[in-house]
Amino acid sequence: MGLVVQKYGGSSVADAEGIKRVAKRVVEAKKNGNQVVVVVSAMGDTTDELIDLASEVSPVASGREFDMLLTAGERISMALLAMAIKSAGHEAQSFTGSQAGLITDSAHNKARIIDVTPGRIKDSVDEGNIAIVAGFQGVSQDSKDITTLGRGGSDTTAVALAAALNAEVCEIYTDVDGVFTADPRVVKKAKKIDQISFEDMLELASSGSKVLLHRCVEYARRYNIPIHVRSSFSGLKGTWVTTEQPDGQGEESMEQAIISGVAHDTSEAKVTVVGVPDKPGEAAALFRAVAEAEINLDMVVQNVSAASTGLTDISFTLPKAEGKKAISALEKAQGKVGYDSLRYDDQIAKISLVGAGMKTNPGVTATFFEALSDAGVNIELISTSEIRISVVTREESVGDAVRAVHSAFGLDSDTDEAVVYGGTGR
Ligand code: ADP
Ligand code: ASP
Ligand code: MG
């Protein structure tokens with residue numbers, strides 16, 4: 001008998017009907033002879049609503065109590081799903097992340113999993129139950145406080161449990177039919193991808209394709225857990241994220257698509273430090289100040305200095321949520337760095353083209369820039385890796401930019417329209 005881990009996102013369990021629909025699917029997997037462990041997210045936009053509520057009572061809510069609050073969302077869905085399964089005539093037990101053995105460090109709101117000890121889950125399924133686990137949460141090894149894994153963290157819970165339980169597959173059920181060549185909410189002609197490598201999926205996820213969280217893909221790659229992303233609303237086969245083709249042929253034999261897809265991200269802001277003295281040590285001092293505030297940077301660009309002034313500008317992008325922290329860290333460092341001024345801009349979007357085949361195909365960058373220029377989109381920053389090109393543009397042109405690039409690389413589907421079954425896209 002195989003063990004499968006299934007994860008249902010918020011849009012799949014958005015209301016009582018959704019929970020009953022999911023219960024049916026879970027029971028089917030059990031009837032097919034599998035041991036079944038289910039990870040659930042909070043219902044619909046519950047997590048966002050809890051965050052809004054917290055900000056009404058405290059402008060800087062974070063840390064221990066914030067995690068206590070947010071984990072309540074997943075506890076509601078786990079208990080309701082267990083009840084729905086029981087009333088369909090099957091045995092189910094629900095568990096918090098802590099009860100399921102998700103041990104983390106103490107970094108509230110962005111804890112990392114450091115161990116998984118799923119003894120209670122194993123016992124529960126061995127006794128014939130369907131085990132339901134609250135996603136996105138764990139318990140700190142040191143403080144024993146409840147922690148959360150960061151937004152979208154239920155994906156990571158599912159893969160971590162799949163690895164610890166030696167599952168055959170980790171199925172991620174969501175509101176679209178799989179991973180597409182672009183976000184189906186933005187590109188109606190996006191195509192479903194049948195199989196994608198961990199590497200390409202990692203780049204798409206870290207460039208903003210929130211259908212899978214990048215940390216979850218990293219985890220799956222490390223433990224070689226195949227992920228099957230699919231819709232909980234349809235019976236269609238979804239996207240396999242693996243190192244191998246589903247037919248068992250090795251990666252070597254895989255015909256690499258030149259381009260896997262286009263991702264976009266509107267969750268970042270841009271900081272420009274104007275008038276930095278162009279001499280050794282200046283950038284180091286600047287980024288030391290940002291690092292000490294524990295801010296994760298994304299793109300970094302330094303302009304050529306104007307020879308007459310000996311001053312240069314340095315721009316970088318970072319999560320909008322960390323903007324205030326970065327600005328105050330930089331203001332404190334002004335005496336040391338000696339720059340002129342700071343500019344903060346949160347009306348930006350990042351558009352990325354991802355594909356392992358681009359490293360051997362010259363001309364990809366030119367086609368990408370031409371597509372943006374034909375769509376009248378201005379490029380503000382550029383960064384590249386071996387299998388990705390990203391640009392920053394105005395947020396208002398993100399839809400046009402993504403659609404233009406998607407068409408230019410021949411990714412548009414000429415048959416079906418991508419279906420979005422639920423969710424609000426929030
Ligand atoms: P869940 O609630 O199931 O976790 P998410 O909202 O986190 O769902 O992720 C699913 C959403 O991801 C889709 O509704 C879609 O808008 C978005 N998305 C972004 N990029 C892609 C992509 N390349 N393929 C599929 N979906 C994508
Ligand atoms: N409910 C959490 C969130 O909205 C975790 C998740 O859905 O994965 O971020
Ligand atoms: Mg998600």
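Numbering of ligands and ligand atoms starts at 1, following listing order. Note that the numbering runs from 1 along the sequence shown for the chain.
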(message) Evaluate Asp145 against Arg64 for salt bridge (charged side-chain N to carboxylate O under 4.0 Å, His left out), listing each step before the verdict.
(response) CA-CA 7 Å; Asp145 282 330; Arg64 184 184 187 278; 3.0 Å; yes

(message) If you apply the rule side chain to side chain contact (heavy atoms under 4.5 Å, CB included), what do you find for Phe233 with Arg21, and how did you get there?
(response) CA-CA 8 Å; Phe233 298 80; Arg21 189 172 41 81; 3.2 Å; yes

(request) List the steps, then state whether side-chain hydrogen bond (donor to acceptor under 3.5 Å, both in side chains) holds for Asp67 with Thr147. (result) CA-CA 6 Å; Asp67 276 352; Thr147 52; 5.5 Å; no

Side-chain donor/acceptor pairs under 3.5 Å, residues 380-396, sequence neighbours excluded:
{"from": "Glu380", "atom 1": "OE1", "to": "Lys270", "atom 2": "NZ", "distance (Å)": "2.9"}
{"from": "Glu380", "atom 1": "OE1", "to": "Arg394", "atom 2": "NH2", "distance (Å)": "3.0"}
{"from": "Glu380", "atom 1": "OE2", "to": "Arg394", "atom 2": "NE", "distance (Å)": "2.7"}
{"from": "Glu380", "atom 1": "OE2", "to": "Arg394", "atom 2": "NH2", "distance (Å)": "3.1"}
{"from": "Ser385", "atom 1": "OG", "to": "Ile387", "atom 2": "N", "distance (Å)": "3.2"}
{"from": "Ser385", "atom 1": "OG", "to": "Arg388", "atom 2": "N", "distance (Å)": "3.3"}
{"from": "Arg388", "atom 1": "NE", "to": "Glu203", "atom 2": "OE1", "distance (Å)": "2.8"}
{"from": "Arg388", "atom 1": "NH1", "to": "Ser390", "atom 2": "OG", "distance (Å)": "2.6"}
{"from": "Ser390", "atom 1": "OG", "to": "Ser352", "atom 2": "OG", "distance (Å)": "2.8"}
{"from": "Arg394", "atom 1": "NH1", "to": "Asp345", "atom 2": "OD2", "distance (Å)": "3.3"}
{"from": "Arg394", "atom 1": "NH1", "to": "Gln347", "atom 2": "O", "distance (Å)": "3.4"}
{"from": "Arg394", "atom 1": "NH2", "to": "Asp345", "atom 2": "OD2", "distance (Å)": "2.4"}

(request) Could you tell me whether the side chain of Lys210 reaches within less than 4.5 Å of the side chain of Asp265, counting heavy atoms only? (result) no

(message) Angle between ring planes, Phe368 versus Phe409, binned at 30° and 60°: parallel, tilted or perpendicular?
(response) tilted

Under 3.5 Å, which donor-acceptor pairs do the side chains of residues 129-140 form with other protein atoms, sequence neighbours left out?
{"from": "Asn129", "atom 1": "ND2", "to": "Ser124", "atom 2": "O", "distance (Å)": "3.1"}
{"from": "Asn129", "atom 1": "ND2", "to": "Ser124", "atom 2": "OG", "distance (Å)": "3.4"}
{"from": "Gln137", "atom 1": "OE1", "to": "Gly97", "atom 2": "N", "distance (Å)": "3.3"}
{"from": "Gln137", "atom 1": "NE2", "to": "Thr71", "atom 2": "O", "distance (Å)": "3.4"}
{"from": "Ser140", "atom 1": "OG", "to": "Ser106", "atom 2": "OG", "distance (Å)": "3.0"}
{"from": "Ser140", "atom 1": "OG", "to": "Asp142", "atom 2": "N", "distance (Å)": "3.2"}
{"from": "Ser140", "atom 1": "OG", "to": "Ser143", "atom 2": "N", "distance (Å)": "3.0"}
{"from": "Ser140", "atom 1": "OG", "to": "Ser143", "atom 2": "OG", "distance (Å)": "3.1"}

Does ligand 2 have any N/O atom under 3.5 Å from a protein N/O, and what are those pairs and their distances?
{"from": "ligand 2", "atom 1": "1 (N)", "to": "Thr47", "atom 2": "OG1", "distance (Å)": "2.8"}
{"from": "ligand 2", "atom 1": "1 (N)", "to": "Glu74", "atom 2": "OE2", "distance (Å)": "2.7"}
{"from": "ligand 2", "atom 1": "4 (O)", "to": "Thr47", "atom 2": "OG1", "distance (Å)": "3.4"}
{"from": "ligand 2", "atom 1": "4 (O)", "to": "Arg151", "atom 2": "NH2", "distance (Å)": "2.9"}
{"from": "ligand 2", "atom 1": "7 (O)", "to": "Ser41", "atom 2": "OG", "distance (Å)": "3.1"}
{"from": "ligand 2", "atom 1": "8 (O)", "to": "Gly152", "atom 2": "O", "distance (Å)": "3.4"}
{"from": "ligand 2", "atom 1": "8 (O)", "to": "Gly153", "atom 2": "N", "distance (Å)": "3.4"}
{"from": "ligand 2", "atom 1": "8 (O)", "to": "Ser154", "atom 2": "N", "distance (Å)": "3.0"}
{"from": "ligand 2", "atom 1": "8 (O)", "to": "Ser154", "atom 2": "OG", "distance (Å)": "3.1"}
{"from": "ligand 2", "atom 1": "9 (O)", "to": "Arg151", "atom 2": "NE", "distance (Å)": "2.7"}
{"from": "ligand 2", "atom 1": "9 (O)", "to": "Arg151", "atom 2": "NH2", "distance (Å)": "3.4"}
{"from": "ligand 2", "atom 1": "9 (O)", "to": "Gly152", "atom 2": "N", "distance (Å)": "2.8"}

(message) Tell me whether Ser87 contacts the main-chain N or O of Ala84 through its side chain, where contact means a donor paired with an acceptor under 3.5 Å.
(response) yes

(message) Asp175 vs Arg185, test: salt bridge (charged side-chain N to carboxylate O under 4.0 Å, His left out). Steps then yes/no.
(response) CA-CA 11 Å; Asp175 54 11; Arg185 285 180 204 274; 2.9 Å; yes

(message) Residue by residue, ordered by chain and number, which ones reach under 4.0 Å of ligand 1 with a heavy atom?
(response) Lys7, Gly9, Gly10, Ser11, Tyr173, Thr174, Asp175, Val176, Gly178, Val179, Phe180, Ala182, Asp183, Pro184, Arg185, Ser209, Lys210, Val211

